[in-house]
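A, B, ... follow the sequence lines: proteins, then strands. Residue 1 opens every chain.
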Protein chains: 2
Amino acid sequence: MHHDSEEALDRVFMALADKTRRQIVHLVAEKERTISELSAPFDMSMAAVSKHVKILEKAKILQRRVDGRIHYCTLAPEQLAPALDWVSIYRNFWQQRLDTLDDLITPANDNT
Amino acid sequence: MHHDSEEALDRVFMALADKTRRQIVHLVAEKERTISELSAPFDMSMAAVSKHVKILEKAKILQRRVDGRIHYCTLAPEQLAPALDWVSIYRNFWQQRLDTLDDLITPANDNT
DNA sequence: TCAATACTTAACCAAATGGTTGAATATCTA
DNA sequence: TAGATATTCAACCATTTGGTTAAGTATTGA
């Protein structure tokens, strides 16, 4: 019973589990980037960066627009939302723990 | 220079990039669980589940308390926070996109 | 003390990851 | 048309991942 959504989460979390790919996400979040531009900061071949981009693309974290021989990449953040949602479920859990700790230190506070 | 925090993110995202481990997180979030209890729902050996638990433990998503021969596992959600924070950076990005789309549909106000 | 219980560890395996280099493809430009 | 540019693809390699089974280590309890 491997739902699509589970596989999507697999791909998104796996895509984010690499420093190079997280930096690529930062770069494309700033502005549209070509593969060359994305390769420049990294001490690896363009072919390697091309693979990283493909992984992010398959995870639908990044989208590609091809114009002639140039591939322009932008953030496609809609698939980050489910990942955020998944982790967010546990926010209450640790917020509660922190709140409990906070109450011990400074009674009477407000938040959110 | 691979910061500790980058390696921590690697470990956390990698740990979450597996359906079995995500289900284990759900189970330990509900209540404290033994390895046997965590193994029961899955069609794999206890040794395999033991490995999954170790991966979650190293990522500091789960913590273990040993009492005699029984290992009790609970959620240790503090390491999920950095992961959530990382993804959250891009929430504004897609919120903005949705807002922009919204503006196109209902042009009421302007902004930068 | 002896066997069952609750685990981990070790050795192994197939498949996936993350990199390489070199060739292929397609496009731009002189 | 030829050559430079932008990028992918293919083949390869070492390491990691995710599973197995079998053996090892404590611990419990009869």
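- Ion pair Glu6(B)/Lys19(A) not flagged as a salt bridge, since none of the NZ, NE, NH1 or NH2 atoms sits closer than 4.0 Å to an Asp/Glu carboxylate oxygen.
- Sequence order on DNA chain C of the closest nucleotides to Met44(A) and Gly68(A) puts Met44(A) first from the 5' end.
- Lys58(B) places its NZ atom 14 Å from the C1' atom of dG18(D), with the value rounded to the nearest Å.
- Using a 4.0 Å heavy-atom criterion, one finds that Ser36(A) contacts the sugar-phosphate atoms exclusively.
- The interatomic distance linking Leu16(B) (CG) with dG18(D) (P) rounds to 12 Å, in whole Å.
- In this structure, Lys51(A) and Tyr72(A) both approach DNA chain D, and ranking their closest nucleotides by distance from the 5' end singles out Tyr72(A).
- In this structure, CD on Glu37(A) lies 9.0 Å from CD on Glu32(A), to the nearest 0.5 angstrom.
- Expressed to the nearest 0.5 Å, how far CG of Leu62(B) lies from CG of Leu75(B) amounts to 7.5 Å.
- Using a 4.0 Å cutoff to heavy atoms of chain B, the contacted part of DNA chain C runs 5' to 3' from dA4(C) to dA11(C).
- For the OP1/OP2 pair of dA6(D) and a distance below 4.0 Å, the side-chain nitrogens and oxygens of His71(A) include no atom meeting the criterion.
- Close to dT7(D), at under 4.0 Å from its OP1 or OP2, lies no side-chain N or O of Arg64(A).
- For Met46(A), the listed nucleotide lying nearest its side chain is dT7(D); candidates were dT20(D), dT17(D), dT7(D).
- Within the model, atoms CG of Asp85(B) and CG of Leu84(A) stand 9.5 Å from one another, a figure rounded to the nearest 0.5 Å.
- In this structure, Ile35(A) places its CD1 atom 12 Å from P of dA6(D), rounding to the nearest Å.
- Listed for the Arg21(A) side chain is a donor-acceptor partner under 3.5 Å among the backbone atoms of Ala15(A).
- In this structure, CG of Leu62(A) is placed 13 Å from P of dT7(D), rounded to the nearest angstrom.
- Going from atom CD of Gln79(B) over to atom CG of Leu9(B) covers 8.0 Å, rounded to the nearest 0.5 Å.
- Counting to the nearest Å, the P atom of dT7(D) and the CD atom of Glu37(A) are 8 Å from each other.
- In this structure, the NE2 atom of His52(A) is 13 Å from the P atom of dT8(D), given to the nearest Å.
- Atom CG in Asp10(B) sits roughly 13 Å away from atom C1' in dT16(D) (whole-Å rounding).
- A straight line from NZ of Lys54(A) to C1' of dT8(D) spans 7 Å, rounded to a whole angstrom.
- Side-chain contact between Leu16(B) and Ile61(B) is present, with heavy atoms from C-beta onward closer than 4.5 Å.
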